[in-house]
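One structure below.
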Amino acid sequence: MRYISPSLLAADFSDLKGACEMINRSSAEWLHIDVMDGVFVPNISFGFPVMEAVRKHCVKPLDVHLMIVNPEKYVERFAEAGAYSVGFHLEAVEDPMPALNLIRKHGVKTCLTINPDIPVSRLEPYLDQVDMVLLMSVYAGYGGQKIVPETPERLRRLSAMIRARGLSTLIELDGGVTVDNAAGLFELGADVLVAGSAVFRAPDPLAAIEQLKGNQ
Ligand code: DX5
Ligand code: ZN
């Protein structure tokens with residue numbers, strides 16, 4: 001599948017309702033919600049009140065990406081706040097299974113994420129335990145970064161691992177996605193591309209989403 005999940009992090013925070021309305025009108029399938037705690041990553045973004053406000057206005061599924069320590073403490077609140085999927089970083093926990101089970105208990109899709117310095121083989125034991133894996137193609141913490149050069153190789157390897165086992169685990173890729181590299185990333189096996197700057201900083205965000213999907 002070829003889904004686009006625009007990242008709200010790059011939106012104009014003084015007009016989140018407008019951002020949601022644009023997403024509702026667009027052909028984007030999901031809306032990506034980046035939660036940062038200033039500990040797991042150096043930056044702080046937003047939390048529950050913003051997510052709940054967005055939930056009221058956005059009709060698309062909310063794809064939540066937690067960049068926080070102790071995700072097991074918070075995953076249920078994000079599930080209850082209306083998440084479609086909740087993902088957290090493998091490197092933030094000793095054992096991802098308790099948090100994954102909590103997410104699943106709420107009927108919410110599970111996602112495990114890794115930063116570019118974590119070998120994709122670390123995801124292998126969990127590929128049949130999650131709905132989706134999120135491969136960071138920049139270091140988590142900031143929007144507007146350039147894709148790390150190892151990304152295509154990592155994506156290819158992860159995609160091969162999933163196919164070899166006949167699994168239907170989705171691959172989401174996050175960071176540095178542009179209208180120029182999106183087609184190649186889908187080609188290498190990404191199912192969902194997150195795009196912050198490429199959508200919200202574009203002169204015409206609706207057209208940018210179409211371009212990212214390869215429709216224009
Ligand atoms: C980075 C976030 C990304 C970010 C993507 O820590 O997880 O989702 O918003 O932004 P762009 O698309 O601008 O690289
Ligand atoms: Zn993200």
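Note that this is a predicted model, so its numbers are computed, not measured. We count ligands from 1, going down the list as the structure has it; atoms in each ligand are counted the same way.
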Between D180 and T178, a side-chain donor and acceptor under 3.5 Å: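 On atom types as modelled, these side chains do not qualify, holding no pair under 3.5 Å.
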For the Zn ion (ligand 2), which protein N/O/S atoms fall under 2.8 Å? Skip waters.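 The answer is H32 NE2, D34 OD1, H65 ND1, D174 OD2.
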Which of the atoms in ligand 1, numbered in the order shown and given with their element, are less than 4.0 Å from a heavy-atom of [X]?
{"X": "G141", "value": "1 (C), 6 (O)"}
{"X": "S197", "value": "11 (P), 12 (O), 13 (O)"}
{"X": "M36", "value": "6 (O)"}
{"X": "M67", "value": "6 (O), 7 (O)"}
{"X": "A195", "value": "12 (O)"}
{"X": "G175", "value": "14 (O)"}
{"X": "S7", "value": "8 (O), 9 (O)"}
{"X": "V194", "value": "8 (O)"}

What protein heavy atom lies closest to [atom]? Include the residue and the distance to one decimal.
{"atom": "atom 3 (C) of ligand 1", "result": "D174 OD1, 3.0 Å"}
{"atom": "atom 12 (O) of ligand 1", "result": "G196 N, 2.7 Å"}
{"atom": "atom 10 (O) of ligand 1", "result": "G143 CA, 3.6 Å"}
{"atom": "atom 14 (O) of ligand 1", "result": "G176 N, 2.8 Å"}
{"atom": "atom 1 (C) of ligand 1", "result": "Y142 O, 3.5 Å"}

Just distances here: any N/O of H65 and N/O of ligand 1 closer than 3.5 Å?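 Looking only at distances, the answer is yes, because the N/O contact criterion of under 3.5 Å is met.
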Do [X] and [Y] touch side chain to side chain, with heavy atoms closer than 4.5 Å?
{"X": "I4", "Y": "P6", "result": "yes"}
{"X": "E172", "Y": "V133", "result": "no"}
{"X": "L8", "Y": "D34", "result": "no"}
{"X": "V177", "Y": "V194", "result": "no"}
{"X": "D63", "Y": "M132", "result": "yes"}

Can [X] and [Y] be counted as an ion pair, charged N to O under 4.0 angstrom?
{"X": "E91", "Y": "R122", "value": "no"}
{"X": "E210", "Y": "K213", "value": "no"}
{"X": "R77", "Y": "E52", "value": "no"}

How are the rings of Y74 and F48 set relative to one another: parallel (under 30°), tilted (30 to 60°) or perpendicular (over 60°)? tilted
Over 12 non-hydrogen atoms of neighbours within 6.0 angstrom of CZ in R165: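 Yes, enclosed.
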Is a donor on one side and an acceptor on the other found under 3.5 Å between the side chain of D131 and the backbone of T110? yes
For residues 87-134, pull every pair meeting ring-ring contact (aromatic ring centres under 6.0 Å, His included), keeping only residues two or more places apart or in separate chains.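 Checked against ring-ring contact (aromatic ring centres under 6.0 Å, His included) - neighbours excluded - the pairs reaching residues 87-134 are F40-H89, H65-H89.
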